[in-house]
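Everything below concerns the one structure shown next.
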Amino acid sequence: MTLTPSAPSSLSDVDRARLLDVLDARSPGRPLPGAAYTDEALHRLDLELIWQRQWVFVGSVAEVREPGDYVTVELGTVSVLVLRDDDEQVAAFRNVCRHRGARLVEGPRGSVGNIVCGYHRWTYGTDGLLRHAPQLAAGTDTSCLGLRRVAVRVVGGLVFVCLAADPPRDVDAVAEVVEPYLTPHALDRTKVAAQVDLVEDGNWKLTMENNRECYHCEGHPDLLRTFFPTWGLEDHQVPPRLRAAHDRYLLAEADLALACDERGIPHRLVEDLVDRPLGFRIAREALDGLGESFSRDGSRLVRRLLGDLDEPRLGRVTFHAQPNVWVHALADHVVTFAALPLGADRTLVRTTWLVHEEAEEGVDYDVESLTEVWRHTNEEDAVFVGLTQRGVADPAYEPGPYTEPERQVDAFVTWYVDRMREEASR
Ligand code: FES
Ligand SMILES: [Fe+2]
């Protein structure tokens, strides 16, 4: 496979010194200094060192089910076209014409037979090869005028791309751990039931940090109907007021372990958040109430279960990977979340609900009920992220100490600092 050569690093000595100043100013156990969330030059370094060098989640196979189906993703000035090719493989290309550089495909999603540039009609196959270029001089070698490929990797139905010429290799090790958790949910036999784009007025790191703790979960009344508020806490960290909920959680976890063991489905926590480029965490965790889905009483929201699952009460696979994805896979549906930076202080959160490909809207599920909990939860989170962005931009901001429930936030920030240092030193 020919990959796009990495752009030569534009990191000047001034940029590097500024970045190291900010990273050095971060104390362990505390958030980053304000500039890390607000400074435009540092944001450009985030794009270059994280978003253009690490594996980034762009969607699931359900979004590109048929040959020609595509989605586009913008990472700063870079646009990536992800599509299902005619051999039914997921491929990714730079969304830039090889003639005079026009953006090839506009809009977030669609379907094409060939990829036709809107400017002078150069036409590429779904394999990226140049098929037709009107009036191009006879004898021109078109084999070197194909679209630039981008590395793509499908992990349990989740699609990741990496813009680097030599992508971090740990994606294989992560896939080996993660795929057995997701395989029972058969994402390759799902379809998109709904997708909602929400713009949070905050830096992408604040979006990810907010997602890594349930310290603020009392701000999510709908979610707390089924989500245990002691999420992420060790037994000894549970405060007295949450003890009853935690006891319910322990019982539900024991039931879940039995149901999984009977079916040979993995459920134990695997967490490797800091020490690898594709830091991740995965587990199957119980839900409160009836324990089946994110509904008001915990009952399922989709009548048709995913894959060959025979039991609705299987809690949720909770998967998180850095820099930009978290996923809940339940017996009846899957919700994926992609965080994508739009600017230093704006982040797109794209939420996608997947159901069995044969589930019928209006018969097996209702989109309003299916999406209710996470639509509300995302809107509540957007408020928290927006408030934080405004606060960290205030000169009065000083990073305060994390509490025990924020252990994963600390891990995310440490991962970020380590990655930035490592990439800046190349
Ligand atoms: S820029 Fe695409 S065909 Fe000319
Ligand atoms: Fe939240």
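All values derive from a computational prediction rather than experimental measurement. Atoms within each ligand, like the ligands themselves, are counted from 1 in listed order.
At a threshold of 2.8 Å, the Fe ion (ligand 2) has no backbone or side-chain N, O or S atom of Cys214 nearer than that distance. Atom 4 (Fe) of ligand 1 has an N, O or S atom of His99 under 2.8 Å away, backbone or side chain.
When each atom of ligand 1 is checked for a heavy atom of Trp122 under 4.0 Å away, the hits are 3 (S). Near Cys97, the atoms of ligand 1 lying under 4.0 angstrom from a non-hydrogen atom of the residue are 1 (S), 2 (Fe), 3 (S). Annotation for ligand 1: atoms under 4.0 Å from non-hydrogen atoms of Cys117 are 1 (S), 2 (Fe), 3 (S). Heavy-atom proximity to Ala102, at under 4.0 Å, picks out these atoms of ligand 1: 1 (S).
To the nearest 0.5 Å, atoms OG (Ser295) and CZ (Arg225) are separated by 9.5 Å.
Residue-level check: among N/O/S atoms of Asp381, OD1 sits closest to the Fe ion (ligand 2). Taking the Fe ion (ligand 2) as reference, His220 places its N/O/S atom NE2 nearest. Counting just the N/O/S atoms of His216, the one with the shortest distance to the Fe ion (ligand 2) is named NE2. Distances from atom 4 (Fe) of ligand 1 to the N/O/S atoms of His120 are shortest for ND1.
The single protein non-hydrogen atom nearest to atom 1 (S) of ligand 1 is Arg100 N, 3.3 Å, given as residue, atom name and distance.
Judged by a 6.0 Å distance limit and a 45° cone about the ring axis, Lys205 is positioned over the six-membered ring of Tyr416.
A salt bridge is defined here as a Lys NZ or Arg NE, NH1 or NH2 lying under 4.0 Å from an Asp or Glu carboxylate O, and Arg350 with Asp197 meets this definition. Taking a cutoff of 4.0 Å between a charged side-chain nitrogen and a carboxylate oxygen, Glu63 and Lys191 do not qualify as a salt bridge. Salt-bridge check for Glu271 with Arg407: passed, with a basic side-chain N closer than 4.0 Å to an acidic carboxylate O. Using a 4.0 Å cut-off between charged nitrogen and carboxylate oxygen, Asp394 and Arg390 do not count as a salt-bridge pair.
Here the side chains of Arg313 and Leu256 are not in contact, with every heavy-atom distance at 4.5 Å or above.
In this structure, the ring of Tyr365 has its center no less than 6.0 angstrom from the ring center of His333.
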